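Inspection log for the structure reproduced underneath, given as structure tokens.
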Amino acid sequence: MDQSNLIKPMLDAQYPVIDYGKGVYLYDTDGKEYLDASSGAITANIGHGVKEIIDAMHEQAKKVSFVYRSQFTSEAAEKLACKIAELSLGDLNWSFFVNSGSEATETAMKIAIQYWQEKGTQTKTKVLSRWMSYHGITLGALSMSGHTGRRARFIPLLEDFPVIHPPYCYRCPYNLEAPDCGYLCAHELETVIKRIGAENIAAFIAEPVIGAAGGAIAPPKDYYKVIKEICDRNEILFIADEVMTGFGRTGTMLASEQWNVKPDIVALGKGMGAGYATIAAALVSDRVMEPILEGSKSIMSGHTLSANPQSCAVSLAVLEYIDKNKIISEVDSKGVYLKNKLLNLQTRFPVIGDVRGKGLMVGLEFVKNPATKEPFSRELALTQRIIQKAQDQGLLIYPAGAGTNGINGDAILIAPPLTITKREIDELVKRLETTLQFFSEKYLNLAEEEAE
């Protein structure tokens with residue numbers, strides 16, 4: 001392809017042209033095979049080319065693919081909302097369908113603010129969040145994101161919503177270990193609330209497991225218990241950003257269940273359509289919906305393609321496929337198997353400073369010195385080079401932020417389709433081992449010398 005009119009992530013890069021996918025594998029037009037160890041962008045939860053989903057697409061397309069949500073509802077949308085309520089914990093019974101994770105978190109923010117307005121409190125307009133977080137690329141979602149690199153170009157347009165440290169135990173800002181730390185990073189929220197005033201704060205948003213901004217940072221046992229107690233005590237809603245972790249990625253329907261916390265609002269996406277359709281959702285509890293139902297009876301948000309029947313039918317088919325095949329029940333054992341394999345690699349490759357995560361969402365952080373946790377220089381661009389070398393080996397992995405500020409560090413996410421087999425996990429680790437062997441024996445030392 002000599003000339004392209006497509007704006008790609010890197011305009012001067014050459015990207016392989018993908019031809020088709022099957023299971024955990026993708027194949028380009030040259031016939032090269034790639035093991036999709038990141039589910040694309042932690043999206044293809046049930047793998048590629050699943051016949052049941054393709055059939056559901058076809059059946060819905062024969063009926064109708066689009067209706068506008070202010071004029072009609074559809075059987076597909078109604079059934080999908082019912083299915084999500086059935087699968088979700090607590091009283092999270094209401095779904096607002098949108099098209100992307102960014103739209104889902106921004107809709108969640110708007111609903112939180114409207115909730116307080118409907119209750120007669122007009123001052124609660126701020127949504128607090130953590131540093132080393134990523135909630136989306138639209139301006140509202142980016143305002144909530146503590147992703148320094150992605151905020152940089154747009155700071156004049158953004159709100160200062162990130163306020164506290166993440167639960168980054170590998171690089172604890174207090175140099176302590178849980179639970180003896182007393183969850184000081186969680187208690188920071190109380191201090192910030194006192195400074196800003198609870199009367200000005202609508203909600204606090206967090207990813208149960210930090211994804212792109214932190215490389216699968218999972219908090220210690222009682223972290224979210226502390227966070228939720230602080231939110232409840234100060235009459236602040238808790239929003240769980242489960243765009244990446246929802247629908248079984250960590251071994252439960254919602255990752256929030258891993259810490260026995262019940263969010264007031266949940267943002268969903270990615271695995272909701274598993275890459276087969278563009279769809280996401282804000283999932284809202286009965287408690288949050290109550291004053292809206294008794295008041296304006298309308299949520300001030302929406303998009304042209306919200307709740308379109310084609311995407312809803314596909315998402316419903318994905319969730320029914322997951323349910324029917326009991327896919328989530330196997331995630332924990334597969335995750336343990338994968339993590340143990342990666343921990344074994346860590347003993348052989350000191351460049352792996354930390355192996356962390358939940359279920360089939362595992363992060364590797366790379367360090368120059370495992371004893372001091374010293375990161376590599378930014379000029380080395382180690383993460384991108386490892387990703388490129390892995391792709392050369394037919395392995396797709398995902399870049400993630402790391403380091404004390406989320407920038408000066410290197411990490412990757414390994415999050416294959418939930419349908420991956422143990423034999424395929426063995427193949428995944430084998431290809432990763434080949435990649436790391438290359439860096440350890442040849443490229444890394446040379447690159448370090450050049451950087452110095």
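Everything numeric here is computed off the predicted structure, so don't read it as measured data.
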*Which atoms form the tightest heavy-atom contact between L360 and V331, and what is the distance?*
N-CG1, 3.8 Å

*Return the minimal non-hydrogen interatomic distance between A141 and H135, and the atom names on each side.*
CB-O, 3.3 Å

[X] side, atom [atom1]; [Y] side, atom [atom2] - distance, nearest 0.5 Å:
X: C185; Y: Y223; atom1: SG; atom2: OH; value: 5.0 Å
X: K339; Y: I425; atom1: NZ; atom2: CD1; value: 13.5 Å
X: L345; Y: N340; atom1: CG; atom2: CG; value: 11.5 Å
X: I84; Y: F247; atom1: CD1; atom2: CZ; value: 4.5 Å
X: L395; Y: I387; atom1: CG; atom2: CD1; value: 10.0 Å
X: L342; Y: I352; atom1: CG; atom2: CD1; value: 7.0 Å

Should we count [atom1] of [X] as having more than 12 external heavy atoms under 6.0 Å?
X: K373; atom1: NZ; value: yes
X: E235; atom1: CD; value: no
X: Q122; atom1: CD; value: yes

*Is it the case that K126 places NZ or CZ above or below the six-membered ring of F161, under 6.0 angstrom from the centre and within 45 degrees of the axis?*
no

*Stacked cation flag K368 on F376, 6.0 angstrom / 45 deg*: no

*Starting from the C-alpha separation in whole Å, work towards a yes-or-no answer on side-chain contact (heavy atoms from CB on, under 4.5 Å) for Y115 and I299.*
CA-CA 9 Å; Y115 166 78; I299 287 174; over 6 Å; no

Any side-chain heavy atom of [X] sitting closer than 4.5 Å to one from [Y]?
X: L343; Y: Q346; result: yes
X: P375; Y: V367; result: no
X: H165; Y: R130; result: no
X: M361; Y: M244; result: yes
X: V429; Y: L338; result: yes
X: R150; Y: L142; result: yes
X: R69; Y: F97; result: no

Flag, side chain of [X] to backbone of [Y], donor-acceptor distance under 3.5 Å:
X: D36; Y: G40; value: yes
X: W116; Y: A202; value: yes
X: E118; Y: S296; value: yes
X: K334; Y: I420; value: yes
X: S311; Y: N308; value: no
X: Y183; Y: D222; value: yes
X: T191; Y: L189; value: no
X: S143; Y: L139; value: yes
X: S133; Y: G146; value: yes
X: E365; Y: D410; value: no

_Donor-acceptor pair between T421 and E424 side chains, under 3.5 angstrom_ = yes

*D426 versus Y337, side-chain donor and acceptor atoms under 3.5 Å*: yes

Would you call [X] and [Y] a salt bridge, taking side-chain N to carboxylate O under 4.0 Å as the test?
X: E242; Y: R249; value: no
X: D264; Y: R287; value: yes
X: R431; Y: E427; value: yes
X: E190; Y: R233; value: yes
X: E86; Y: K83; value: yes

_side chain to side chain contact (heavy atoms under 4.5 Å, CB included), paired with L254, selected from L87, L92, V261_ = L92

*Please assess Q393 against F438 for the test side-chain contact (heavy atoms from CB on, under 4.5 Å), listing each intermediate value before the final yes or no.*
CA-CA 11 Å; Q393 299 296 319; F438 175 83; over 6 Å; no

*Any chance you could lay out the salt bridge (charged side-chain N to carboxylate O under 4.0 Å, His left out) test for D232 and K228, step after step, and finish with the verdict?*
CA-CA 6 Å; D232 290 347; K228 190 64 165 64; 2.9 Å; yes

*asked:* For N45 and Y321: C-alpha separation, side-chain torsions, deciding distance, then whether side-chain hydrogen bond (donor to acceptor under 3.5 Å, both in side chains) applies.
replied: CA-CA 11 Å; N45 280 12; Y321 182 86; over 6 Å; no

_Suppose the criterion is side chain to side chain donor-acceptor pair (under 3.5 Å): which pairs have a residue in residues 268-279, not counting sequence neighbours?_
none

*Quick one: list whatever passes side chain to side chain donor-acceptor pair (under 3.5 Å) with W94, sequence neighbours left out.*
D286

*Should Q388 and D392 be marked as a side-chain contact (heavy atoms from CB on, under 4.5 Å) after you check the CA-CA gap, both sets of side-chain angles, and the distance that decides it?*
CA-CA 6 Å; Q388 184 56 59; D392 294 343; 3.1 Å; yes

*Could I get the full list of ring-ring contact (aromatic ring centres under 6.0 Å, His included) partners for W259, not counting sequence neighbours?*
Y224

